[in-house]
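Numbers here simply count residues along the sequence, with the first being 1. Keep in mind it's a predicted model, so treat the numbers as computed, not measured.
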Amino acid sequence: QRLFGDGNEPIYEIPDFKGTKINWNVPPSGTIIQGQGTGAVIVKWNSDNKYKNETLSVSFENCQIGCNGTGQIPITIKPKLKIDNKTKFFCLNNPIQFTNNFNTNSLWQVYDSNNNLIFFDSKAVLEYEFNSSGRYYIKIINNDIKYCNQTDSVYIDIVPPINKPKSIS
(Lines give C-alpha, C1' and ligand atoms only; values in the text may rest on other atoms or scores of the structure.)
Protein backbone atom coordinates (compact mmCIF):
# COMPACT_ATOMS: atom_id res chain seq x y z
CA GLN A 1 0.00 0.00 0.00
CA ARG A 2 1.21 3.48 -0.86
CA LEU A 3 0.56 6.58 1.23
CA PHE A 4 0.38 10.03 -0.35
CA GLY A 5 -0.61 13.51 0.61
CA ASP A 6 -3.11 15.70 -1.12
CA GLY A 7 -1.55 17.25 -4.23
CA ASN A 8 1.32 14.73 -4.52
CA GLU A 9 2.25 13.50 -8.02
CA PRO A 10 3.93 10.08 -7.68
CA ILE A 11 5.05 7.89 -10.61
CA TYR A 12 3.68 4.34 -11.01
CA GLU A 13 5.41 1.86 -13.33
CA ILE A 14 5.09 -1.58 -14.88
CA PRO A 15 7.44 -3.23 -17.42
CA ASP A 16 6.71 -1.78 -20.86
CA PHE A 17 7.49 -4.39 -23.52
CA LYS A 18 7.32 -3.36 -27.17
CA GLY A 19 3.82 -3.86 -28.61
CA THR A 20 2.04 -3.83 -25.24
CA LYS A 21 -1.26 -1.96 -24.92
CA ILE A 22 -1.46 -0.45 -21.45
CA ASN A 23 -4.44 1.22 -19.82
CA TRP A 24 -4.27 2.85 -16.38
CA ASN A 25 -7.46 3.41 -14.37
CA VAL A 26 -7.54 5.94 -11.57
CA PRO A 27 -10.39 6.66 -9.15
CA PRO A 28 -12.10 10.09 -9.20
CA SER A 29 -9.66 11.43 -6.60
CA GLY A 30 -6.75 10.94 -9.02
CA THR A 31 -5.85 12.53 -12.33
CA ILE A 32 -3.31 11.12 -14.75
CA ILE A 33 -0.97 13.99 -15.49
CA GLN A 34 1.26 12.13 -17.92
CA GLY A 35 1.81 8.67 -19.40
CA GLN A 36 -1.60 7.07 -20.09
CA GLY A 37 -0.96 4.19 -22.49
CA THR A 38 2.67 3.79 -21.41
CA GLY A 39 4.43 1.74 -18.75
CA ALA A 40 4.71 4.73 -16.38
CA VAL A 41 2.12 7.28 -15.29
CA ILE A 42 2.21 10.32 -13.07
CA VAL A 43 -0.96 10.69 -10.98
CA LYS A 44 -1.99 13.80 -9.07
CA TRP A 45 -4.01 12.93 -5.97
CA ASN A 46 -6.73 15.13 -4.46
CA SER A 47 -8.28 14.20 -1.14
CA ASP A 48 -11.04 16.86 -1.05
CA ASN A 49 -9.99 17.33 2.59
CA LYS A 50 -10.86 13.72 3.42
CA TYR A 51 -8.78 10.70 4.36
CA LYS A 52 -9.31 8.25 1.48
CA ASN A 53 -8.43 4.69 0.58
CA GLU A 54 -8.39 4.18 -3.19
CA THR A 55 -7.19 1.65 -5.76
CA LEU A 56 -5.06 2.36 -8.82
CA SER A 57 -5.33 -0.33 -11.50
CA VAL A 58 -3.63 -1.15 -14.78
CA SER A 59 -4.46 -3.58 -17.57
CA PHE A 60 -2.07 -4.71 -20.28
CA GLU A 61 -2.14 -6.87 -23.39
CA ASN A 62 0.63 -7.93 -25.73
CA CYS A 63 -0.57 -9.94 -28.74
CA GLN A 64 2.96 -10.62 -29.99
CA ILE A 65 4.02 -12.59 -26.93
CA GLY A 66 0.50 -13.70 -26.02
CA CYS A 67 0.17 -12.35 -22.52
CA ASN A 68 -2.21 -10.02 -20.76
CA GLY A 69 -3.22 -9.19 -17.25
CA THR A 70 -4.18 -6.64 -14.67
CA GLY A 71 -2.63 -5.19 -11.57
CA GLN A 72 -3.84 -3.13 -8.65
CA ILE A 73 -2.24 -1.15 -5.90
CA PRO A 74 -4.07 0.23 -2.86
CA ILE A 75 -3.50 3.95 -2.28
CA THR A 76 -4.14 5.94 0.89
CA ILE A 77 -4.51 9.68 0.43
CA LYS A 78 -4.18 11.99 3.41
CA PRO A 79 -5.47 15.57 3.29
CA LYS A 80 -3.28 18.61 3.94
CA LEU A 81 -3.61 20.59 7.12
CA LYS A 82 -4.17 24.21 6.06
CA ILE A 83 -4.70 27.58 7.69
CA ASP A 84 -8.03 28.73 6.30
CA ASN A 85 -7.62 32.47 6.65
CA LYS A 86 -5.02 33.49 4.09
CA THR A 87 -5.75 37.24 4.38
CA LYS A 88 -2.43 39.06 4.43
CA PHE A 89 -3.27 42.48 5.92
CA PHE A 90 -5.01 43.31 9.21
CA CYS A 91 -5.62 46.50 11.14
CA LEU A 92 -3.76 47.18 14.36
CA ASN A 93 -5.68 46.64 17.63
CA ASN A 94 -8.42 44.59 15.97
CA PRO A 95 -8.87 41.01 17.15
CA ILE A 96 -8.34 38.46 14.41
CA GLN A 97 -9.12 34.77 14.09
CA PHE A 98 -7.45 31.94 12.22
CA THR A 99 -8.91 28.48 11.76
CA ASN A 100 -7.69 25.32 10.11
CA ASN A 101 -9.52 23.43 7.38
CA PHE A 102 -10.67 20.72 9.82
CA ASN A 103 -11.44 22.97 12.78
CA THR A 104 -9.41 20.64 15.00
CA ASN A 105 -7.39 21.48 18.08
CA SER A 106 -3.86 22.34 17.05
CA LEU A 107 -0.89 24.23 18.40
CA TRP A 108 -0.89 27.81 17.10
CA GLN A 109 2.26 29.93 17.25
CA VAL A 110 2.74 33.63 16.52
CA TYR A 111 6.22 35.01 15.75
CA ASP A 112 7.26 38.64 15.38
CA SER A 113 9.49 40.01 12.62
CA ASN A 114 12.60 39.04 14.63
CA ASN A 115 11.41 35.41 14.74
CA ASN A 116 10.59 35.61 18.46
CA LEU A 117 7.72 33.47 19.65
CA ILE A 118 5.27 35.97 21.14
CA PHE A 119 2.16 33.82 21.60
CA PHE A 120 1.07 30.19 21.50
CA ASP A 121 -2.11 28.33 22.31
CA SER A 122 -3.55 24.90 21.67
CA LYS A 123 -7.12 25.03 20.39
CA ALA A 124 -9.17 24.91 17.19
CA VAL A 125 -9.26 28.69 16.59
CA LEU A 126 -6.42 31.16 17.04
CA GLU A 127 -7.74 34.44 18.44
CA TYR A 128 -5.21 37.21 18.87
CA GLU A 129 -5.05 41.00 18.92
CA PHE A 130 -1.82 42.58 17.72
CA ASN A 131 -0.74 45.72 19.61
CA SER A 132 2.05 46.80 17.26
CA SER A 133 2.25 47.03 13.50
CA GLY A 134 4.68 44.96 11.45
CA ARG A 135 5.12 41.59 9.79
CA TYR A 136 4.20 38.44 11.72
CA TYR A 137 4.44 34.72 11.08
CA ILE A 138 1.52 32.44 12.03
CA LYS A 139 2.20 28.70 12.30
CA ILE A 140 -0.09 25.77 13.03
CA ILE A 141 1.18 22.37 14.18
CA ASN A 142 -0.87 19.20 14.39
CA ASN A 143 0.80 15.80 14.76
CA ASP A 144 -2.34 13.80 13.96
CA ILE A 145 -1.44 11.02 11.53
CA LYS A 146 -4.53 11.70 9.41
CA TYR A 147 -2.76 14.64 7.73
CA CYS A 148 -0.01 14.37 5.12
CA ASN A 149 1.72 17.36 6.69
CA GLN A 150 1.95 18.47 10.31
CA THR A 151 2.38 22.22 9.77
CA ASP A 152 1.14 25.14 7.74
CA SER A 153 2.08 28.79 8.01
CA VAL A 154 1.36 32.24 6.68
CA TYR A 155 2.98 35.68 6.91
CA ILE A 156 0.69 38.58 7.75
CA ASP A 157 1.13 42.32 8.00
CA ILE A 158 -0.45 44.38 10.77
CA VAL A 159 -0.97 47.95 9.59
CA PRO A 160 -1.76 51.05 11.66
CA PRO A 161 -5.23 52.49 11.33
CA ILE A 162 -5.72 55.01 8.58
CA ASN A 163 -6.64 58.50 9.78
CA LYS A 164 -10.03 59.79 8.73
CA PRO A 165 -9.80 62.50 6.09
CA LYS A 166 -10.59 65.98 7.40
CA SER A 167 -12.40 66.87 4.21
CA ILE A 168 -13.16 65.53 0.79
CA SER A 169 -12.71 67.83 -2.18
Which word best sums up how the rings of Tyr12 and Trp24 line up, parallel for under 30°, tilted for 30 to 60°, or perpendicular for over 60°? tilted
Nearest 0.5 Å, what's the [atom1]-[atom2] distance between [X] and [Y]?
X	Y	atom1	atom2	value
Ile140	Gln150	CD1	CD	11.5 Å
Ile14	Phe60	CD1	CZ	6.0 Å
Thr87	Asp157	OG1	CG	12.0 Å
Trp108	Ser153	CH2	OG	11.0 Å
Lys52	Ile77	NZ	CD1	6.5 Å
Thr55	Ile75	OG1	CD1	8.0 Å

Of the non-hydrogen atoms in [X] and [Y], which two are nearest, and what is the gap between them?
X	Y	result
Ile22	Gln36	O-OE1, 4.1 Å
Gly30	Val26	O-CG2, 3.4 Å
Ile42	Ile11	CG1-CG1, 3.7 Å
Thr76	Asn53	OG1-OD1, 2.9 Å
Pro161	Leu92	CD-CB, 4.0 Å
Asn68	Glu61	CB-CA, 3.8 Å

CD/Glu129: more than 12 non-hydrogen atoms of other groups inside 6.0 Å: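 More than 12 within 6.0 Å, yes.
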Would you indicate whether Lys123, at its atom NZ, is surrounded by more than 12 heavy atoms from other residues, nucleotides or ligands within a distance under 6.0 Å? yes
For the residue pair Glu54 and Ser29, confirm or rule out a side-chain donor-acceptor distance under 3.5 Å. yes
Side-chain donor/acceptor of [X] to backbone N/O of [Y], under 3.5 Å:
X	Y	result
Asp16	Gly39	yes
Thr31	Ile33	no
Asn116	Ile118	no
Asn105	Ser122	no

For Gln109 and Leu126, run side-chain contact (heavy atoms from CB on, under 4.5 Å): C-alpha distance rounded to whole Å, both residues' side-chain angles, the deciding distance at 0.1 Å, then the answer. CA-CA 9 Å; Gln109 298 174 336; Leu126 168 65; over 6 Å; no
Does Phe130 have its ring centroid less than 6.0 Å away from the ring centroid of Tyr136? yes
Do NZ/NE/NH1/NH2 and the carboxylate oxygens of Asp152 and Lys82 come within less than 4.0 Å? no
Does Asn100 form a side-chain contact (heavy atoms from CB on, under 4.5 Å) with Ser106? I'd like the steps, not just the answer. CA-CA 8 Å; Asn100 65 67; Ser106 301; 3.5 Å; yes
Of all residues at least two apart in sequence or in a different chain, which pass the side chain to side chain contact (heavy atoms under 4.5 Å, CB included) check with Asn62? Phe17, Thr20, Gln64, Ile65, Cys67
Let me check something: do Ile96 and Val159 share a hydrophobic cluster, defined by ILVMFWY side-chain heavy atoms less than 4.5 Å apart, either directly or through other members? no
After noting the C-alpha distance and the side-chain angles of Val125 and Asn103, does the key distance pass the side-chain contact (heavy atoms from CB on, under 4.5 Å) rule? CA-CA 7 Å; Val125 177; Asn103 203 28; 3.9 Å; yes
Set out, in order, the CA-CA distance, both residues' side-chain angles and the distance that settles side-chain contact (heavy atoms from CB on, under 4.5 Å) for Asn142 and Thr104, then state yes or no. CA-CA 9 Å; Asn142 189 313; Thr104 57; 3.5 Å; yes
Minimum side-chain heavy-atom gap Thr151-Leu81 below 4.5 Å: no
Any side-chain heavy-atom pair of Thr70 and Ser59 under 4.5 Å: yes
Given a cutoff of under 4.5 Å between side-chain heavy atoms of I, L, V, M, F, W and Y, with clusters grown through shared members, what are the other residues clustered with Leu117? Leu107, Tyr111, Phe120, Tyr137, Ile141, Tyr155
